[in-house]
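Count residues from 1 along the sequence. A quick note: this is a predicted structure, and the numbers were derived from the prediction, not measured.
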Amino acid sequence: MSLKTRVQQVRSWLQTPAGRRMQRYGRLLFVSGVVGWLLYRLTQIGWRDVYEGLPRTPWFYVLWLGLYFLLPATEAFIYRALWKIRWRRVFPVLVRKRVLNTDVLGYSGEVYLYLWARRHTDRPDGHLLRTIKDNTILSSVASTVAVVLLVAGAVLSGQFALVDLLGSAADPVYVAAGGLAFGVLGALAVRFRKAIFYVPGRTAAALLGVHVLRFFAMYALQVLQWWVVLPEAPLRVWATILVVGTVTNRIPFLPATDLLALGAVLGMTHLLEASAAVLAGMLVVRSVLDRTANAVLFVLTSWLERRRPTVPVAPVPSADAEQPLTTPTE
């Protein structure tokens, strides 16, 4: 039996009731294992020490709000331009999309967004599907670019605590090879852009730029949030945590990747030049705040949504939807 046939059989079985149950049990087992590891690491650090290391400065929580709403706010401006829908109308559903992608399954939020848009916008189904697809692809590309630049910058500048374990990974030959690979991929994307993207080239470039800026804004806010709690820690501490957490969070189709990232960071606190208890306190509080906000905002925005009529809303007056993306003013 060929590998292709076997893969098709597995995919077909995963669509059966037994396969879906197995996927649910697998996700539950995975999350339980991650939580168990976190509890073990926190016990090793000391629960009292972690409690005493919890962030006390209000700026930590102000910056958390900015980090939490950065993605849905940015995407609300994007879909306002693509669908000619009001920002405040699409923002709540993008909050729910964020929750689904984070706590349920990667890309389940995009499916939810499409189903919502069919009922609440006057755009054709094909336009909705293709613009969601394009935005998702460009966001993934921007994520990869931002992660590569982050890792390369941290390693080559010596601000990565695991750099000694990487050996020759920082060798210029590897850097040049990586740059060449990205150049080839970029050239292929430009060559076949019309076959890949539905939106015009200028719009796709603008979307890519918006997402890249969003990722670097997120990195800056994240480091600032940690710095206000522990300003005496060297930059390599924050660079290492940021690299490990960001790379772990990019693993597709896994539930609770933020908890997995938290466990990965807690597993290497002995390599960092900072208090393990303070680091654990910051990361645990961030995770608890995210989980609490996810539950509260999903329920709240869903309840408010049900109070609205489910008829398509009037679009924002504008020209054709496929014009290049412009900076929203609302």
Run the salt bridge (charged side-chain N to carboxylate O under 4.0 Å, His left out) test on Lys97 and Glu75 for me, step by step, so that the C-alpha distance in whole Å, both residues' side-chain angles and the decisive distance to 0.1 Å come before the verdict. CA-CA 10 Å; Lys97 169 180 170 290; Glu75 288 199 321; 2.8 Å; yes
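- For Tyr61, the ring pair (Phe, Tyr, Trp, His ring centres under 6.0 Å) test picks out no residue, with sequence neighbours left out.
- Partners of Thr74 by side-chain contact (heavy atoms from CB on, under 4.5 Å), not counting sequence neighbours, listed by chain and number: Leu70, Ile78, Val210, Arg214.
- Contact annotation: the side chain of His127 approaches that of Trp83 to within less than 4.5 Å [non-hydrogen atoms, C-beta and beyond].
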Decide side-chain contact (heavy atoms from CB on, under 4.5 Å) for Gln225 and Val223; before the verdict, give the C-alpha distance in whole Å, the side-chain angles of both, and the deciding distance to 0.1 Å. CA-CA 5 Å; Gln225 185 194 37; Val223 171; over 6 Å; no
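- Contact between Phe91 and Ala73 at its shortest, heavy atoms only, is CE1-N, 3.6 Å.
- Note that OG of Ser139 is 12.5 Å distant from CG of Asp134, once rounded to the nearest 0.5 Å.
- Residue Met218 is not grouped with residue Leu213 when hydrophobic side chains (ILVMFWY) are merged at heavy-atom distances under 4.5 angstrom, including chains of intermediate members.
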Leu283 and Trp226: side-chain contact (heavy atoms from CB on, under 4.5 Å), yes or no, with the steps? CA-CA 9 Å; Leu283 297 175; Trp226 294 330; 4.2 Å; yes
Residues Val90, His120; criterion side-chain contact (heavy atoms from CB on, under 4.5 Å); working and verdict: CA-CA 9 Å; Val90 73; His120 296 87; over 6 Å; no
Derivation and outcome, salt bridge (charged side-chain N to carboxylate O under 4.0 Å, His left out), residues Asp290 and Arg286: CA-CA 6 Å; Asp290 283 348; Arg286 168 70 187 276; 3.1 Å; yes
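- The shortest non-hydrogen separation linking Ser108 to Asn101 is N-OD1, 3.2 Å.
- Considering only heavy atoms from C-beta on, Phe215 stays 4.5 Å or farther from Thr144 through its side chain.
- The side-chain heavy atoms of Thr121 and Lys84, taken from C-beta on, include no pair separated by under 4.5 Å.
- Using a distance-only test at 3.5 Å, with no hydrogens or angles considered, no donor-acceptor pair links the side chain of Arg130 to the main chain of Leu128.
- Rounding to the nearest 0.5 Å places CG of Leu279 at 4.5 Å from CD1 of Ile241.
- Between the CG atom in Leu65 and the CG atom in Leu221 there is a gap of 11.5 Å [rounded to 0.5 Å].
- Expressed to the nearest 0.5 Å, how far CG of Leu230 lies from CH2 of Trp227 amounts to 11.0 Å.
- Residues Val111 and Leu100 have side chains not in contact (no heavy-atom distance under 4.5 Å, counting atoms from C-beta outward).
- Under the side-chain contact (heavy atoms from CB on, under 4.5 Å) criterion, Leu300 pairs with Trp303, Leu304, sequence neighbours left out.
- Evaluation of the ring pair (Phe, Tyr, Trp, His ring centres under 6.0 Å) rule for Trp64 yields Tyr68 as partners, not counting sequence neighbours.
- Atom CH2 in Trp116 sits 5.0 Å away from atom CZ in Arg89 (nearest 0.5 Å).
- For Phe60, the ring pair (Phe, Tyr, Trp, His ring centres under 6.0 Å) criterion is met by no residue, not counting sequence neighbours.
- Phe77 and Leu71 fall into different hydrophobic clusters, where Ile, Leu, Val, Met, Phe, Trp and Tyr residues are linked whenever their side-chain heavy atoms come under 4.5 Å apart, directly or through other members.
- Residues Val296 and Val299 fall into different hydrophobic clusters, defined by Ile, Leu, Val, Met, Phe, Trp and Tyr side chains chained together at heavy-atom separations under 4.5 Å.
- Across all non-hydrogen atoms, the minimal contact from Ala76 to Trp87 is CB-NE1, 3.1 Å.
- Between Gly281 and Pro55, the closest heavy-atom pair is O-CD, 4.0 Å.
- Legend: residues meeting side-chain contact (heavy atoms from CB on, under 4.5 Å) with Thr246, ordered by chain and number and at least two apart, are Val147, Leu150, Tyr219, Leu242, Arg250.
- Leu138 CG to Ser143 OG: the interatomic distance, rounded to the nearest 0.5 Å, is 12.5 Å.
- A donor-acceptor contact shorter than 3.5 Å links the side chain of Thr136 to the backbone of Ile132.
- Side-chain contact check for Arg123 versus Thr131: every heavy-atom pair is 4.5 Å or farther apart.
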